Amino acid sequence: AKAAAAGALPRALFGLAMRWGLAAYDKGGVGAGPLLDMVVFRGARRLLGGRLRACVSASAPLAPECQRFVQTCLGCPVRQGYGL
């Protein structure tokens with residue numbers, strides 16, 4: 001909702017950061033790069049305390065799109081453990 005209400009420049013930066021982050025994810029990386037992570041995704045990380053190092057999803061499979069989005073925005077690996 002905030003991204004939709006933002007101006008053209010913040011929306012463009014968010015789109016750029018997501019594209020770079022998803023490309024990094026496809027190559028096995030995490031995040032959109034140090035500069036874009038700091039400028040674009042810092043607020044999301046602060047909401048979770050700013051010290052998140054990894055995320056774990058359990059009990060059911062996480063949709064691949066959700067994993068890619070969360071891993072890009074939070075800049076930490078998202079791992080799944082279910083059905084063990």
Side-chain angles (χ1 to χ4, degrees):
K2 285 186 179 183
L9 181 59
R11 279 196 311 262
L13 282 174
F14 181 80
L16 176 67
M18 284 304 299
R19 283 192 301 277
W20 283 18
L22 296 177
Y25 177 90
D26 291 339
K27 295 176 184 174
V30 175
L35 181 61
L36 285 172
D37 283 344
M38 183 180 68
V39 172
V40 178
F41 299 124
R42 179 178 25 190
R45 293 187 182 137
R46 277 193 200 149
L47 291 173
L48 297 172
R51 299 182 340 164
L52 193 61
R53 299 291 176 248
C55 292
V56 177
S57 171
S59 81
L62 186 63
E65 301 84 23
C66 184
Q67 180 174 354
R68 292 175 71 203
F69 180 81
V70 171
Q71 187 163 312
T72 296
C73 290
L74 298 183
C76 68
V78 176
R79 300 297 177 246
Q80 299 187 53
Y82 59 89
L84 300 174

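These numbers were taken from a predicted model, which means no experiment stands behind them.
- Residues Leu13 and Leu35 share a single hydrophobic cluster, defined by chaining ILVMFWY side chains whose heavy atoms lie under 4.5 Å apart.
- In plain terms, the two heavy atoms of Phe41 and Cys73 that are nearest each other are CB-O, 3.2 Å.
- Within the 3.5 Å criterion, the main-chain N or O of Met38 finds a donor-acceptor partner in the side chain of Arg42.
- Contact between Asp37 and Ala32 at its shortest, heavy atoms only, is OD1-N, 2.8 Å.
- Leu16 is not connected to Tyr25 by any chain of hydrophobic side-chain contacts under 4.5 Å among Ile, Leu, Val, Met, Phe, Trp and Tyr, and they are in different clusters.
- Separating the CG atom in Leu22 from the OG1 atom in Thr72 is a distance of 4.5 Å, to the nearest 0.5 Å.
- Side-chain contact between Glu65 and Phe69: absent, with no pair of heavy atoms (C-beta onward) separated by less than 4.5 Å.
- When all heavy atoms of Ser57 and Ala60 are compared, the closest pair comes out as OG-O, 4.0 Å.
- Across all non-hydrogen atoms, the minimal contact from Leu74 to Cys55 is CD1-SG, 4.1 Å.
- Note on Val40 and Trp20: same hydrophobic cluster, where clusters join Ile, Leu, Val, Met, Phe, Trp and Tyr whose side-chain heavy atoms are under 4.5 Å apart, directly or indirectly.
- Of the possible polar contacts, one joining the Gln71 side chain to the Gly29 backbone as a donor-acceptor pair under 3.5 Å is found.
- Listed for the Gln67 side chain is no donor-acceptor partner under 3.5 Å among the backbone atoms of Leu62.
- Here the CG-CG distance, from Leu52 to Leu47, works out to 11.5 Å after rounding to the nearest 0.5 Å.
- Under a hydrophobic clustering in which Ile, Leu, Val, Met, Phe, Trp and Tyr are joined whenever their side-chain heavy atoms come within less than 4.5 Å, directly or via other members, Val56 and Val70 fall into different clusters.
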